2 protein chains.
Amino acid sequence: MSKPIQQRTLRTRARLLEEADALVRESGYEALRVEDVVARAGVAKGTFFAHFRDKDALMELLIGGELDTLLERAESVPVPRDVAGICAQLMPLHSFMTSERYVFDVILRYSGAAAVSEIGPIAKSFDRYVTLVAGWISAGSYRRDVDAELLAEGVQAFAVQSMALQFCALHAAQSFEARLQTYLRAWLTPAV
Amino acid sequence: MSKPIQQRTLRTRARLLEEADALVRESGYEALRVEDVVARAGVAKGTFFAHFRDKDALMELLIGGELDTLLERAESVPVPRDVAGICAQLMPLHSFMTSERYVFDVILRYSGAAAVSEIGPIAKSFDRYVTLVAGWISAGSYRRDVDAELLAEGVQAFAVQSMALQFCALHAAQSFEARLQTYLRAWLTPAV
DNA sequence: GCAAATAAGTGACCACGGTCAATTTATGGA
DNA sequence: TCCATAAATTGACCGTGGTCACTTATTTGC
């Protein structure tokens, strides 16, 4: 009945992750090749796919890990007290998300959980993002006619929109941060 | 100096598009294979890439064409007079966008123009969407503290968010239309 | 300790998007 | 009509993600 995970398995998996991480640091996410990872880890290609469903599963781990680190940092700082503060505090996160077009695409593709039973690292981060921002909103003085959770989801939607527009040549005039602030002021502090 | 486009070119391109369209109607967008398209069009693989930069360029044409048809229809109907009306009128468009996960991903990836000089069909549709909705908002009685263009961009952001959440198992409880209406009421008619 | 059972790892192979030097076909001028 | 030039087409070939029948290593029962 016992199916203990063999030491070998852990070592192999660790090496794969380690080398993948190193390769990403050297040449970025988009340039990552499975063949390079296995070559440097000293295993066969098939071994890679015994450890990760596909290349994207590894990508999710790498990118999700980075998102988690950045979220951690954003959480461990005093609550921002206005829209500009919220934008500033989320900036490192948004910078990373837009550091490569490829990264942004992967994040969007995996931001939702495909199945309840298996919530991927990126989907988890997206939830954490909403929870974090909802907390900030609850603590601050923003509109009260809708609840903080919904407002936080809106912040995420506007952040995604702003990031997408940053990649768009037609909307390059306005900076990412300026655009996001405009959206969030209209969303969080409407003056009707 | 004359460089008239040969009849042959037009015929080949038309055949490729025609067969691709037929294949999509038979098996959906995700299942489309370049090899199948060229086989049915009776040309070599290289010919395909002489007509389209890559597979995605064809995908953009097919999906962009569909979006245009649906936008046309949405434009040729009386202006909706409330949030529910806006959602209803955009429904066919949103349904198509979420008809396949793959379609949604392609749309997101190409919703922004990579270069001002070359705005793709999908990016064009996204602009048209914003213009259309901005017109509706100007004609209706919604908040006036920010301009219609910005509000329309917000509508698009919330539509994208709602569609993304529809693919997410964690948020399957609420229907797409209900969620979008909740967002849009909060966005277009805040009651602070 | 040893054999059977199970887990881990291997690498030849496939699918499919994309490239390019070579070939075929069309066009305009003499 | 024929030739020179340019445009269109070809298909063998490549890169890379992913599969799977088989081999090798590890654990378990006796």
Side-chain angles (χ1 to χ4, degrees), chain A residues 1-20 23-24 26-63 100-103 105-106 109-110 114 120, chain B residues 1-20 23-24 26-63 100-103 105-106 109-110 114 120:
Chain A
M1 305 272 52
S2 56
K3 284 191 196 167
I5 304 136
Q6 297 183 8
Q7 285 303 314
R8 187 172 46 149
T9 310
L10 296 175
R11 257 186 291 118
T12 305
R13 189 189 161 88
R15 283 226 58 185
L16 284 169
L17 278 169
E18 199 179 307
E19 295 301 338
L23 281 164
V24 164
E26 282 168 30
S27 333
Y29 289 89
E30 178 150 32
L32 191 72
R33 296 285 170 271
V34 172
E35 307 213 337
D36 293 345
V37 176
V38 297
R40 285 178 51 157
V43 298
K45 207 183 203 175
T47 303
F48 179 96
F49 294 97
H51 286 267
F52 309 101
R53 188 194 348 283
D54 51 25
K55 186 188 170 183
D56 278 3
L58 169 67
M59 227 65 238
E60 268 208 272
L61 285 176
L62 296 176
I63 293 175
E100 281 181 49
R101 173 80 228 205
Y102 173 77
V103 168
D105 287 342
V106 171
R109 187 158 51 247
Y110 293 101
Chain B
M1 317 315 59
S2 54
K3 281 193 198 168
I5 305 136
Q6 297 184 9
Q7 286 303 313
R8 188 170 47 145
T9 311
L10 295 175
R11 257 185 293 119
T12 304
R13 190 190 160 89
R15 285 225 57 187
L16 285 168
L17 277 169
E18 199 179 308
E19 295 301 339
L23 280 165
V24 164
E26 283 168 29
S27 331
Y29 289 90
E30 177 149 33
L32 192 70
R33 296 285 170 270
V34 172
E35 306 212 338
D36 293 344
V37 176
V38 296
R40 284 179 52 157
V43 298
K45 206 183 204 175
T47 303
F48 180 96
F49 293 97
H51 286 268
F52 309 101
R53 189 196 347 281
D54 53 23
K55 186 188 169 183
D56 278 2
L58 168 67
M59 227 67 238
E60 268 208 273
L61 284 176
L62 296 175
I63 293 175
E100 280 181 51
R101 174 79 229 206
Y102 173 78
V103 169
D105 287 343
V106 171
R109 188 159 47 247
Y110 292 101

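Below, read A as the first sequence line, B as the second, and so on, with proteins coming before strands; counting in each chain starts at 1. The structure displayed is predicted, hence computed values, not measured ones. As a basis for the values below, the full set of heavy atoms in this structure was taken, side chains included, without hydrogen atoms, waters or symmetry mates.
- Put simply, the side chain of A:L16 does not reach to within 4.5 Å of the side chain of A:L58, judged on heavy atoms.
- Residue contacts shown for A:T9 are limited to sugar-phosphate atoms, with no base heavy atom under 4.0 Å away.
- For the pair A:L58 CG and D:dG18 C1', the computed distance is 14 Å after rounding to whole Å.
- Within a 6.0 Å radius of CD in A:Q7, no more than 12 heavy atoms belonging to other residues, nucleotides or ligands are found.
- Atoms CZ (B:R53) and P (C:dG18) sit 11 Å apart, rounded to a whole Å.
- Among the protein residues, A:L32 comes within range of the sugar-phosphate backbone only, with heavy atoms under 4.0 Å from sugar or phosphate atoms but none that close to a base.
- Residues B:V38 and B:E19 are not in side-chain contact: their nearest non-hydrogen atoms beyond the backbone lie 4.5 Å or more apart.
- Residue side chain B:K45 reaches the base of C:dG17 through a donor-acceptor N/O pair under 3.5 Å, judged by distance alone.
- Each of B:F48 and A:G46 was assigned the nucleotide of DNA chain C with the nearest heavy atom; the assignment lying further toward the 5' end belongs to A:G46.
- As a whole-Å value, the separation of A:R13 CZ from C:dA7 C1' is 16 Å.
- To the nearest angstrom, C1' of C:dT25 lies 16 Å from CG of B:L10.
- In this structure, A:L62 and A:Y29 have side chains that are in contact, with non-hydrogen atoms separated by less than 4.5 Å.
- Salt bridge B:R101/B:D105: present, at least one basic N to carboxylate O contact under 4.0 Å.
- The phosphate of D:dA8 has neither OP1 nor OP2 within less than 4.0 Å of any side-chain N or O from B:T12.
- Following rounding to the nearest Å, A:Q6 (CD) and C:dT6 (C1') show an atom-to-atom distance of 9 Å.
- Note: NZ (A:K55) to P (D:dT16) measures 9 Å, nearest angstrom.
- The distance from atom CD of A:Q7 to atom P of D:dA25 is 18 Å, rounded to the nearest whole Å.
- Across C:dG9, C:dC16, D:dG17, the shortest atom-to-atom separation from the side chain of A:T47 is found for C:dG9.
- Put simply, B:H51 has no side-chain N or O that comes within less than 4.0 Å of OP1 or OP2 on D:dA8.
- Rounded to whole Å, atom C1' of C:dG17 lies 15 Å from atom CZ of B:F52.
- Nearer to the 5' terminus of DNA chain C, by closest-nucleotide assignment, is the contact made by B:F49 (compared with the other of B:F49 and B:R8).
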